[in-house]
Amino acid sequence: MSSPLRFDRAHTDDLMTFLAASPSPYHAVANAAARLAEAGFRQVEETAAWDGSAGGKYVLRGGAIVAWYVPEGAQAHTPFRIAGAHTDSPNLRVKPLPDTGAHGWRQIAVEVYGGTLLNTWLDRDLGLAGRISLRDGTHRLVNIDRALLRVPQLAVHLDRSANTEGLKLDRQKHMQPIWGLGDVEEGDLIRFVAEEAGVDAEDVTGWDLMPHAIEPPSYLGRDRELVAGPRMDNLLSVHAATAALAAVAALPDAGLPYIPVFAAFDHEENGSQSDTGADGPLLGSVLERSVFARGGTYEDRARAFAGTVCLSSDTGHAVHPNYAERHDPTHHPVANGGPILKVNVNMRYATDGSGRAVFAAACEKAGVPWQSFVSNNAMPCGTTIGPITAARHGIQTVDIGVAILSMHSARELCGADDPYLLANALTAFLAG
């Protein structure tokens, strides 16, 4: 297939723009929706009646988005091709009573979200982003993208064992950022955030706020063959899947055999159990309503789901040159080697041999190289939205992604070619 995506690093340049503009799941969803709207997709409300018309549609719920494109002539039982991802990344989150401090320092009380590498948040200039909820029930996105917060590390003079015995961080005592000097004043942070957002502080009744590193993404290396940036796990996949769905919708209508879908969920990093997580009802509800809106019955829904395949796209581990012994000795994914197929026979990943064939066919169609990943038997294996999607909806699911280093760091690293290669593989898969 001749891909509608150009490769002159334009895709990777655009990824870096997307990462910088998406410091929270809410921003990521808003940015993905804006790109789909430019491609002709329209938002539909969950509380409204849906029609079965052809074209692109999307649903937003908090930090999640589900978008789909109905080609002309699609039947009620037409199966789906789904590119799945998640919008959240391990980080720090502001507590309900955020104003704290001691010894003349004003600080912000935070919780640790997901399995973040705590030391990577030390001594970084941090901004603050997320959403605030207003008294009238609306929400406002906030992005204070300047040096506002900092989690200072203890000087080596006061921790002589840090370089010999390892840095030991207490999640409660050592991770509270400073943001000024003076006495602690209740309501101070939210007054400041409200002013930044241009609203009255008394109208702010809730918030979902999180610090973010303000250093922008950048190319790295002598030949700029690497990319360093925040939140690649898993906004790299969100960006690729958004581009792939828009690309498929722009193809000349040749009677697509499937209905292409892009689904990005929140809360993957802590188990996916929420109304916007992969273990919630959102995806199943959207797919079913799409079937019923086209005049389908439960039988049509069952037929559609039986023929559906999902590629769960999430980052995986590239072989680390300093810790190669931590990887499986015969599976060493490398940067710029193409997307990886993630396999675990204990179903921490949902891939089986049949799914491998689907992914291999998509890569072959797109002219994209690909690699295999499996964990060292002596190391525990992570998981993704893949097994959850497969079990909850009875949908064949395949786990894939891009190999990176420094996963769950405040700043991760990937090959500069891999985002484009992933997007092309997803485009070929969604097009059928």
Side-chain angles (χ1 to χ4, degrees), residues 15-28 30-31 88-95 97-114 116-132 140-156 158 162 167 169 171-199 201 204 207-220 227-233 235 406 408-413:
L15 168 63
M16 292 195 289
T17 298
F18 185 82
L19 292 173
S22 304
S24 78
Y26 314 107
H27 289 84
N31 289 326
D88 60 318
S89 301
N91 61 3
L92 308 176
R93 304 286 177 103
V94 175
K95 288 184 176 180
L97 300 176
D99 300 294
T100 187
H103 306 289
W105 296 98
R106 292 159 61 204
Q107 295 175 275
I108 303 301
V110 297
E111 282 188 273
V112 177
Y113 177 83
T116 186
L117 284 168
L118 296 179
N119 64 294
T120 67
W121 288 85
L122 302 179
D123 296 331
R124 287 186 184 272
D125 295 337
L126 305 174
L128 191 67
R131 69 176 182 179
I132 53 176
R140 186 74 60 89
L141 293 182
V142 178
N143 184 9
I144 306 170
D145 196 34
R146 64 177 187 271
L148 180 68
L149 310 169
R150 188 178 180 93
V151 183
Q153 185 171 347
L154 184 64
V156 70
L158 305 178
L167 180 65
L169 294 172
R171 293 160 66 94
Q172 177 62 36
K173 294 192 298 183
H174 300 152
M175 297 307 297
Q176 311 306 314
I178 61 171
W179 75 308
L181 299 170
D183 297 330
V184 177
E185 188 174 342
E186 185 178 352
D188 200 15
L189 178 68
I190 299 307
R191 282 192 293 271
F192 170 76
V193 171
E195 182 179 355
E196 290 286 318
V199 300
V204 178
W207 51 87
D208 301 281
L209 298 170
M210 55 206 75
H212 66 277
I214 63 171
E215 182 183 3
S218 64
Y219 286 105
L220 184 145
V227 172
R231 299 176 293 279
M232 290 184 181
D233 179 10
L235 295 190
S406 305
H408 287 196
S409 168
R411 194 169 179 85
E412 297 161 324
L413 185 71

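- At a threshold of 4.5 Å between non-hydrogen side-chain atoms, the residues Leu209 and Arg93 do not count as touching.
- In terms of heavy atoms, Leu92 sits closest to Pro211 at O-CD, 3.0 Å.
- Panel note: side chain Gln153, backbone Leu122; no donor-acceptor pair is recorded below 3.5 Å.
- Looking only at distances, no side-chain donor or acceptor of Asp125 sits under 3.5 Å from a matching main-chain atom of Glu215.
- Contact between Asn143 and His212 at its shortest, heavy atoms only, is OD1-CE1, 3.4 Å.
- For the residue pair Pro98 and Val94, the shortest heavy atom distance occurs at CB-CG1, 3.5 Å.
- In this structure, Trp207 and Ile190 approach most closely via the heavy-atom pair CD2-CD1, 3.5 Å.
- Screening Glu196, Glu186, Glu185 for a side chain to side chain donor-acceptor pair (under 3.5 Å) with Arg191, the sole residue that qualifies is Glu185.
- Residues Val110 and Gln176 have side chains in contact (heavy-atom distance under 4.5 Å, counting atoms from C-beta outward).
- Side chain of Thr116 to main chain of Leu118: no donor-acceptor pair is present (N/O by atom type, distance under 3.5 Å, no hydrogens or angles).
- A donor-acceptor distance shorter than 3.5 angstrom exists from the side chain of Asn31 to the backbone of Ala21, with no hydrogens or angles considered.
- Thr120 contributes a side-chain N or O that, together with a main-chain N or O of Ala410, makes up a donor-acceptor pair within less than 3.5 Å.
- Remark: side-chain polar atoms of Arg231 are paired, donor with acceptor, to backbone N or O of Ser22 under 3.5 angstrom.
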* Decide yes or no on side chain to side chain contact (heavy atoms under 4.5 Å, CB included) for Asp88 and Tyr113, but give the supporting numbers first. => CA-CA 10 Å; Asp88 60 318; Tyr113 177 83; 2.6 Å; yes
* Determine, step by step, whether Asn119 and Leu117 satisfy the side chain to side chain contact (heavy atoms under 4.5 Å, CB included) criterion, reporting the C-alpha distance in whole Å, the side-chain angles of both residues, the deciding distance to 0.1 Å, and the verdict. => CA-CA 6 Å; Asn119 64 294; Leu117 284 168; 4.0 Å; yes
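- Met210 approaches Asp208 most closely through the heavy-atom pair CE-O, 4.0 Å.
- When every heavy atom of Leu19 is checked against every heavy atom of Pro230, the shortest pair comes out as CD2-O, 3.4 Å.
- Atom CD1 of Ile214 is separated from atom CG of Leu126 by 8.0 Å, given to the nearest 0.5 angstrom.
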